[in-house]
Student: 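One structure coming up, written as structure tokens, with questions to follow.
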Amino acid sequence: MMKKLWPYARPYALWIAAGVACSAMEAVFELLIPLVMSDIVDIGIANGDQSFILRKGALMVVLALASLCFGVGAAVASSVAGMGFGANIRKAEYDHIQTFAFSNIEGFSTASLVTRLTNDVHNMQMSLMMSMRLLVRAPVMLVSALFFSIRISYRLSNVFLVALPLLVAVVTILLSKVGPMFRSLQEKTDALNLVVQENLAGMRVVKSFVRGDHEREKFQKRNEDLKATSLRAFGRVIINMPLMMLIIYGTIIAVLWFGGQMVYAGTLEAGKLITYFTYITQIMMSLMMVSMIFMMLTRTVACARRVTEVLNETPAITDDRAELGEDGLPAAVAGGSIDFDHVSFRYSAESTEWILRDITLHIASGETVGILGGTGSGKTSLVSLIPRLYEADEGTVSVGGRPVECYTMEHLRESVSMVLQKNTLFSGTIRENLLWGNPQATEEELWAACHAACADEFLERMPERLDTDLGQGGVNVSGGQKQRLCIARAILKRPKVLILDDSTSAVDAATDAKIRAAFAGELKDATKLIIAQRVASVREADRILVMDGGRIVAQGTHDELMKTCPIYQEVYQSQQEGASIHG
């Protein structure tokens, strides 16, 4: 795990070294102060030597200022290293997530990935910052104070023979109990984040079904689980403090008892006993700091394991089999032809249910193909294999005469434009969202694409037109407007293959017809695949595929299917009857 994470801290190695050195020097200068104070008591005050007291007092001030300067240096260095390390980890984790296939993301859950990117990384960077300060300062203080204490009185130091084993035993027992709890704590945080994410994303559904009370109960249950786990974990950590303080004060009482007897007997000077008290306090506080750091590191280890799980995840879809073209560069998509050769697909290797079964299909470049079928018939799964959003389990999917795995995902997806069932717009202006299709698009090209998608009808009524802010997820536009903007964004891409996955379901029939007519002009050379629920949306297609149970059960033109396909006839008749009733 350390081998995996160290490269992200390596750029800050000098800062880490500087922070460690400053922490050590801060402790050393702080430890010298009690020795000077001992001289003031035993020599300056005992002899009434005022000049000696002033010189030693000035030296104490210098030592304190030096310790302060090194302390500030340690704080700055640890902050730079800790924050830099956290930023590098977050970037690496986020970049790696971008390479994940849908199956990888589904394996973790979105809420868990968010927690690992934020909460877990925050704990790691705070641990690095605290460790640079305390894991250096505490051992230096401990060893040095122990050395000086033994020098002052070897006999009195025997007290540590009882205190130190007790402290070590307490810390060891607590660490063994707390470790597994912190792993569970992070998992409970994931579960809570999932409820919050689902609730906020589906707020309209929650309100429309009046399920607010149910969602509150679900949140309360997860929240109580998190609270209970936190109380168990941190309750054990909190026990550490009173136990440590009990041992520390017990040690101080023992030193006071035996040390007082030694001063009374004349075998130990009063100033040295005062200094001894300072050192023993530093020793015990150092041990307490070390124990608290180890408690924090126990949680950090749990967080680090979760982060490395993400970094070690192998993307299910890669460019390993991508081929080079004649120019030595990654092969580009030459045309829009699509071939399925005995393709079968399931979402999980462990699943016994096949979503697609033995699909064999050829679609010529420039052809317009409609796809109809009931829910769960495999329509979306079929088209998702074309840009490699998922990988076929059996058979070969080809685009432009090459298997899709022979292209890099970047080149393949640049040539395939897909408007999904769930339309997604991002926070920002309409212009910024449209430029996803073509970052170099001119004003004229933007409006041409909007006109083709019938989006100009409502854009021209907006005061800021293309510069209108959409809000988070496009909340400032309706479902139909959102669909039209997504279609305009896809048109701007000028793809070789355009896939519309029921993407005109929220627009009226007249607007749907206008959009389809615009495709014939704007993208006449592109292969167009149109998944639709309405027969009218695909009626004029060159070919219509009818899917059922993961298979293509019929294909042909509208007139051909009306003669030969009972499923198509049934869908058409039901829609005609529905239209008559509505009329």
Side-chain angles (χ1 to χ4, degrees), residues 24 26-49 52-53 56-57 59-61 63-64 67 134-177 235-295:
E26 178 191 13
V28 168
F29 279 101
E30 192 173 325
L31 285 165
L32 293 174
I33 293 174
L35 292 176
V36 179
M37 183 178 65
S38 175
D39 289 340
I40 292 175
V41 174
D42 293 336
I43 300 173
I45 295 177
N47 298 328
D49 190 340
F52 181 86
I53 295 172
K56 290 295 183 178
L59 179 58
M60 285 182 67
V61 172
L63 292 174
S67 180
L134 300 183
L135 274 184
V136 175
R137 174 185 170 84
V140 170
M141 292 277 288
L142 176 63
V143 174
S144 301
L146 194 58
F147 171 75
F148 288 128
S149 298
I150 293 172
R151 278 193 60 188
I152 292 171
S153 175
Y154 179 79
R155 281 179 58 202
L156 200 54
S157 299
N158 289 329
V159 174
F160 295 129
L161 295 177
V162 177
L164 290 179
L166 283 174
L167 287 169
V168 171
V170 168
V171 173
T172 303
I173 292 170
L174 287 176
L175 287 177
S176 66
K177 300 292 184 183
R236 294 253 166 75
V237 173
I238 291 168
I239 291 173
N240 177 62
M241 182 66 73
L243 288 175
M244 296 286 285
M245 295 307 295
L246 177 64
I247 296 170
I248 288 171
Y249 286 125
T251 304
I252 290 173
I253 290 170
V255 169
L256 183 62
W257 174 261
F258 294 113
Q261 289 181 344
M262 293 171 68
V263 171
Y264 183 75
T267 58
L268 183 68
E269 296 170 324
K272 285 185 170 53
L273 181 60
I274 294 172
T275 303
Y276 198 93
F277 273 122
T278 303
Y279 283 137
I280 199 170
T281 303
Q282 289 175 336
I283 289 168
M284 296 302 166
M285 294 304 292
S286 297
L287 284 169
M288 191 162 60
M289 284 191 291
V290 169
S291 70
M292 292 305 296
I293 283 291
F294 276 120
M295 294 292 177

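Atom set for the values below is all heavy atoms of this structure, side chains included, hydrogens, waters and symmetry mates excluded.
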Student: Quick check: do I40 and M60 have side-chain heavy atoms less than 4.5 Å from each other?
Tutor: yes

Student: Could you go through residues 29-37 and list every donor-acceptor pair under 3.5 Å that involves a side-chain atom there, pairing it with any protein atom two or more places apart or in another chain?
Tutor:
unit_1: E30; atom_1: OE1; unit_2: R137; atom_2: NH1; d: 3.1
unit_1: E30; atom_1: OE1; unit_2: R137; atom_2: NH2; d: 2.8
unit_1: E30; atom_1: OE2; unit_2: R137; atom_2: NH2; d: 3.1

Student: Which residues pass the side-chain contact (heavy atoms from CB on, under 4.5 Å) test with I253, sequence neighbours left out?
Tutor: none

